[in-house]
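Mind looking over this structure? Questions follow.
To find a chain, count down the sequence lines: A is the first, B the second, and so on, and within it residues start at 1. Everything numeric here is computed off the predicted structure, so don't read it as measured data.
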Protein chains: 2
Amino acid sequence: MDQSDIKEAGLKVTKPRIEILKLLETSEKQHFGAEEIYHELLSKDIKVGIATVYRVLTQFTAAGLIIKHNFEGDQCVFELDRGEHHDHMVDMKSGKIIEFYDEIIEQRQKEIAKEHGFELMEHSLTLYGEFKDKG
Amino acid sequence: MDQSDIKEAGLKVTKPRIEILKLLETSEKQHFGAEEIYHELLSKDIKVGIATVYRVLTQFTAAGLIIKHNFEGDQCVFELDRGEHHDHMVDMKSGKIIEFYDEIIEQRQKEIAKEHGFELMEHSLTLYGEFKDKG
DNA sequence: TTCTATATAATAATGATTATCATTTACAAT
DNA sequence: ATTGTAAATGATAATCATTATTATATAGAA
Ligand SMILES: [Mn+2]
Ligand SMILES: [Mn+2]
Ligand SMILES: [Zn+2]
Ligand SMILES: [Zn+2]
């Protein structure tokens, strides 16, 4: 249950928190901007303030419930942390985002870090381009 | 010569443009934020407006003279495009940035893109962590 | 030197995100 | 169930990086 995740993060179980988590859990789409979440909730007649959305997203990120991405452009996007790391491919035309995971790349990153005496904590790999529509 | 690069970009050769390019070319440091460049020039008694710095950086980026990076945090950093692609390791404590290039990773990215029918145009790979000081 | 499109710098505006603060609420203790 | 209180909310103001506006200045061609 998600309520327990919120509790375990030391946060009270409130309507905005439940709804934001539910949206990220049940939506077809995986990646959302803050404003996007805000409008999605409003369209479902869930009254919430934009400040609360930002506040909750920050708290969920700190708690490890969600992940924050800084793709190109100005606004950040968030997604549920399902525990399985992956990187992204972003279609610069449509905005469509595809996830991928490559063991070879992940290993090389660790090796490179070690070679440089660098304690690797996290990384960000994003491919930008365009999906060639199957004609 | 750098003046020619500016001309070839279809831009007039002006003091701010010359100085911004010179700073990026001659500085020990490789990566600069816009505000950082602004203050650096002011400290050299080169009078320039912050709006001009942003404007010129945008123009230089469009012209391929420099590269713009969206690392974690809010402000972007710029560096001279020396034609040799590389990725970055960022020390989250000191802010120090180290560059690296790994052929295996670069190749895997291309293969992954091809597997997904994705026309790869650019990519961003950044490792975040901490350099372990050699004791 | 003159002309004019372009560039500059001061400043206002924008857009995303964060801070304030008065009001409301979750939830633990009664 | 009631109460008390720390935490949360939402309206709004404030920030901060970046972009737009515009009157003045200048690069560079003629
Ligand atoms: Mn993802
Ligand atoms: Mn670099
Ligand atoms: Zn990865
Ligand atoms: Zn690379």
With sugar-phosphate meaning primed atoms plus P, OP1 and OP2, does B:I50 contact a base, only sugar-phosphate, or nothing at under 4.0 Å between heavy atoms?
nothing
Are A:H69 and B:E72 linked by a side-chain donor-acceptor pair shorter than 3.5 Å?
no
Using atom CG of A:D74 as one end and atom C1' of C:dT18 as the other, report the distance to the nearest whole Å.
16 Å
Can you tell me which nucleotide in D:dA6, D:dT18, D:dG10 comes closest to the side chain of A:K12?
D:dA6
Rounded distance in Å - OH (A:Y38) to P (D:dT9)
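Taking atom P of D:dT9 as the reference, OH of A:Y38 is at 14 Å.
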Consider the side chain of B:Y54, meaning its heavy atoms from C-beta on, and name the nucleotide among C:dT17, C:dA26, D:dT19 that approaches it most closely.
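Taking heavy atoms from C-beta onward, the closest nucleotide is D:dT19.
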Starting the side chain at C-beta, find the nucleotide from D:dA17, D:dT19, D:dA11 nearest to B:T58.
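Of the options given, the side chain of B:T58 lies nearest D:dT19.
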Measuring to OP1 and OP2 of D:dT26, would you say a side-chain N or O of B:T14 lies under 4.0 angstrom away?
no
Residue met sooner reading DNA chain D from 5', once B:A34 and B:K7 are mapped to nucleotides
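Final value for this comparison: B:A34.
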Rounded to the nearest Å, what distance is computed from the CG atom of residue A:L42 to the P atom of nucleotide D:dG10?
10 Å
What does A:T52 touch in the nucleic acid at a heavy-atom separation under 4.0 angstrom: a base, only the sugar-phosphate, or nothing?
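Here A:T52 touches the bases of the nucleic acid.
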Identify whether any heavy atom of A:K47 sits under 4.0 Å from a base atom; if not, whether one sits that close to sugar-phosphate; answer base, sugar-phosphate or nothing.
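If one applies the 4.0 Å heavy-atom cut-off, A:K47 turns out to touch the sugar-phosphate alone, with no base involved.
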Pick from A:D102, A:I112, A:L125: which one makes a side-chain contact (heavy atoms from CB on, under 4.5 Å) with B:I105?
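Option passing the side-chain contact (heavy atoms from CB on, under 4.5 Å) with B:I105: A:I112.
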Mind calculating the distance between CD1 (A:I18) and P (D:dA8) to the nearest angstrom?
13 Å
Any donor and acceptor pair, going by atom type alone, linking the side chain of A:R17 with main-chain N or O of A:K12 inside 3.5 Å?
yes
On DNA chain D, compare the nucleotides closest to A:A51 and A:Q59; which residue's is nearer the 5' end?
A:Q59
Among C:dT8, C:dT17, D:dG10, which nucleotide sits nearest the side chain of A:C76?
C:dT17
Without decimals, in angstroms, what is the distance between B:I37 CD1 and D:dT18 P?
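Checked: the CD1 to P distance equals 11 Å.
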Polar side chain donor-acceptor pair, B:E36 to B:Y38, under 3.5 angstrom
no
Here the distance between atom C1' of D:dC16 and atom CD of B:Q75, to the nearest Å, is 9 Å
Rounded to the Å, how far apart are B:E35 CD and D:dT18 C1'?
10 Å
Which nucleotide in the set D:dT9, C:dA7, D:dT18 lies at the smallest distance from any side-chain heavy atom of A:R55?
D:dT9
Atom pair distance, as rounded to whole Å: CG in A:L11 and C1' in C:dC27
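A:L11 atom CG is separated from C:dC27 atom C1' by 14 Å.
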Pair B:K114 + B:E111: basic N to acidic O under 4.0 Å:
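Looking at B:E111 together with B:K114, the answer is no, because their closest N to O distance does not fall below 4.0 Å.
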May I ask you to say what B:R17 touches in the nucleic acid, namely base, sugar-phosphate or nothing, with a heavy-atom cut-off under 4.0 Å?
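The residue B:R17 makes sugar-phosphate contact but no base contact.
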